[in-house]
Amino acid sequence: MLRLILLLGAILSVPSWASSATSPAALNYVTQGQDEPGYRRWIAADPARPIRVKAFNDYLVHNGVGGVAPTWQLLRTASDWSRCASQPFEVPPTEHWPNIVHALRFVGAFIEPVVGQIEVVSAYRNPALNACAKGAPTSTHLTGGGIDMVPIQPFQRELLMTTLCRIQLGKGWWNNIGLGFYKGLRFHIDARKTREWGTAGAAGGWGCAAVLEEGALPYVEPPADQSAATVAAPTQ
């Protein structure tokens with residue numbers, strides 16, 4: 001029992017630098033219940049959770065990606081978790097752990113040195129949650145390798161897209177990286193297949209090459225009466 005209490009305390013002790021979850025840059029992308037207090041409540045609700053989280057964290061550390069992002073943020077599921085009657089956090093099945101390592105290696109090696117620390121807003125989603133959240137049927141979130149994130153430092157969307165496209169064209173072949181953009185500063189990285197989406201040039205071109213040649217197309221909010229099915233593309 002004492003060992004379990006000590007383990008729970010260690011996992012609940014989120015480092016002070018992880019408080020970026022409440023930074024202005026991330027507030028619009030983190031739903032209530034998926035913030036740090038929500039994580040503390042989630043992990044305290046089941047005595048098995050600290051054990052599984054520690055095993056996941058140890059695996060990340062052993063494979064050289066511990067600290068690329070706070071481990072507890074990598075447990076965030078989908079922003080629609082509450083509407084879908086699901087959990088705000090979930091430890092991925094162990095068979096999917098190598099996939100998230102591949103993606104984190106790219107983030108740590110090429111993205112964070114340029115854009116600074118990132119905040120993970122969505123990672124693994126189980127099949128039921130992914131379907132309810134209107135994720136793509138073959139989404140990399142289903143296998144743990146898809147990570148949605150936002151930069152902690154203030155960024156203009158067009159500059160962020162240009163910066164990440166430059167990285168993608170130069171290093172995207174490494175680990176077969178996919179790069180996608182959503183509304184605002186939210187972007188996606190996975191290590192399944194080199195590809196791009198949500199990247200449009202200001203003059204009508206498509207893809208990162210067009211973004212670098214023409215500049216990024218500014219995001220335009222869809223009309224309020226446009227249906228959600230038309231507005232929201234399935235998440236990869």
Side-chain angles (χ1 to χ4, degrees), residues 3 6-21 26 34 36 39 42-43 46 48-78 87-127 129-130 135 138-152 164 167-168 170-180 186-195 235-236:
R3 183 165 176 245
L6 292 174
L7 178 59
L8 178 60
I11 296 297
L12 288 175
S13 299
V14 181
S16 59
W17 53 264
S19 62
S20 58
Q34 288 189 314
E36 185 179 324
Y39 170 73
W42 173 82
I43 199 170
D46 184 340
R49 287 174 180 166
I51 298 171
R52 293 198 295 268
V53 173
K54 184 179 186 303
F56 180 56
N57 179 75
D58 289 348
Y59 182 88
L60 298 179
V61 172
H62 177 75
N63 284 276
V65 294
V68 171
T71 299
W72 69 274
Q73 292 179 10
L74 291 166
L75 305 180
R76 282 176 173 150
T77 54
Q87 291 291 329
F89 301 91
E90 185 172 353
V91 178
T94 54
E95 63 266 27
H96 297 329
W97 292 3
N99 299 328
I100 200 166
V101 166
H102 293 324
L104 287 174
R105 282 178 177 155
F106 185 83
V107 173
F110 301 113
I111 292 181
E112 287 191 323
V114 178
V115 306
Q117 185 184 343
I118 52 88
E119 170 126 2
V120 175
V121 297
S122 178
Y124 171 72
R125 303 173 197 159
N126 63 56
L129 175 55
N130 186 69
T138 58
S139 171
T140 51
H141 289 281
L142 289 165
T143 54
I147 307 174
D148 290 359
M149 64 199 86
V150 296
I152 294 300
L164 292 177
I167 296 172
Q168 175 71 0
K171 302 294 184 180
W173 54 268
W174 191 84
N175 269 11
N176 298 315
I177 295 300
L179 169 68
R186 180 168 176 159
F187 66 97
H188 169 107
I189 291 290
D190 67 58
R192 180 173 67 186
K193 180 181 179 181
T194 303
R195 66 204 191 286
T235 54
Q236 300 287 318

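Quick caveat: nothing in here was measured; it's all calculated off a predicted structure.
Counting only heavy atoms from C-beta outward, the side chains of Tyr124 and Leu129 never approach each other to under 4.5 Å. Between Leu104 and Val101, every side-chain heavy-atom pair lies at or beyond the 4.5 Å cut-off.
A donor-acceptor contact shorter than 3.5 Å is absent between the side chain of Arg186 and the backbone of Asp148. Judged by distance alone, the side chain of Arg192 and the main-chain N or O of Gly178 form no donor-acceptor pair under 3.5 Å. In this structure, the side chain of Gln34 engages the main chain of Ala78 through a donor-acceptor pair within 3.5 Å.
Ile100 pairs in a side-chain contact (heavy atoms from CB on, under 4.5 Å) with only one of the listed residues (Thr143, Val68, Asp190, Leu74), which is Leu74. Ile177 pairs with exactly one of Ile189, Thr194, Ile111 by the side-chain contact (heavy atoms from CB on, under 4.5 Å) rule, that one being Ile189. Of the options Gln87, His141, Glu90, a side chain to side chain donor-acceptor pair (under 3.5 Å) to Asn126 is made by Glu90 and by none of the others.
Lys54 contributes atom NZ, which lies 12.0 Å from atom CD1 of Ile43 (distance to the nearest 0.5 angstrom). Taken to the nearest 0.5 Å, the CD atom of Glu119 stands 4.5 Å off from the CZ atom of Arg76. For the atom pair OH (Tyr59) and OG1 (Thr71), the distance works out to 13.5 Å, reported to the nearest 0.5 Å. Considering CG of Leu75 and CD of Gln73, their distance stands at 9.5 Å, rounded to 0.5 Å. Here the NZ atom belonging to Lys171 is positioned 9.0 Å from the CZ atom belonging to Phe106, to the nearest 0.5 angstrom. Rounding to the nearest 0.5 Å gives a distance of 14.0 Å between CG of Asn57 and CH2 of Trp72.
In the model, His102 has no side-chain atom that pairs as donor or acceptor with a side-chain atom of Asn176 under 3.5 Å.
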Worked check of side chain to side chain contact (heavy atoms under 4.5 Å, CB included) between Asp58 and Val61: CA-CA 5 Å; Asp58 289 348; Val61 172; 5.5 Å; no

Arg105 and Asn63: CA distance, side-chain angles, deciding distance, side chain to side chain contact (heavy atoms under 4.5 Å, CB included) verdict: CA-CA 9 Å; Arg105 282 178 177 155; Asn63 284 276; 4.0 Å; yes

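Nearest heavy atoms, His96 versus Leu142: NE2-O, 3.5 Å. Of all heavy-atom pairs spanning Gly145 and Ala103, the tightest one is O-CB, 3.6 Å. A pairwise comparison of heavy atoms in Pro92 and Trp97 identifies O-NE1, 2.8 Å as the closest pair. Shortest non-hydrogen contact noted between Pro113 and Gly108 is CD-O, 3.4 Å.
Relative orientation of the Tyr39 and Phe89 rings is perpendicular, given thresholds of 30° and 60° on the angle between their planes. Between Trp174 and Phe110, the ring planes are perpendicular. Angles over 60° get that label, and only those under 30° would be called parallel.
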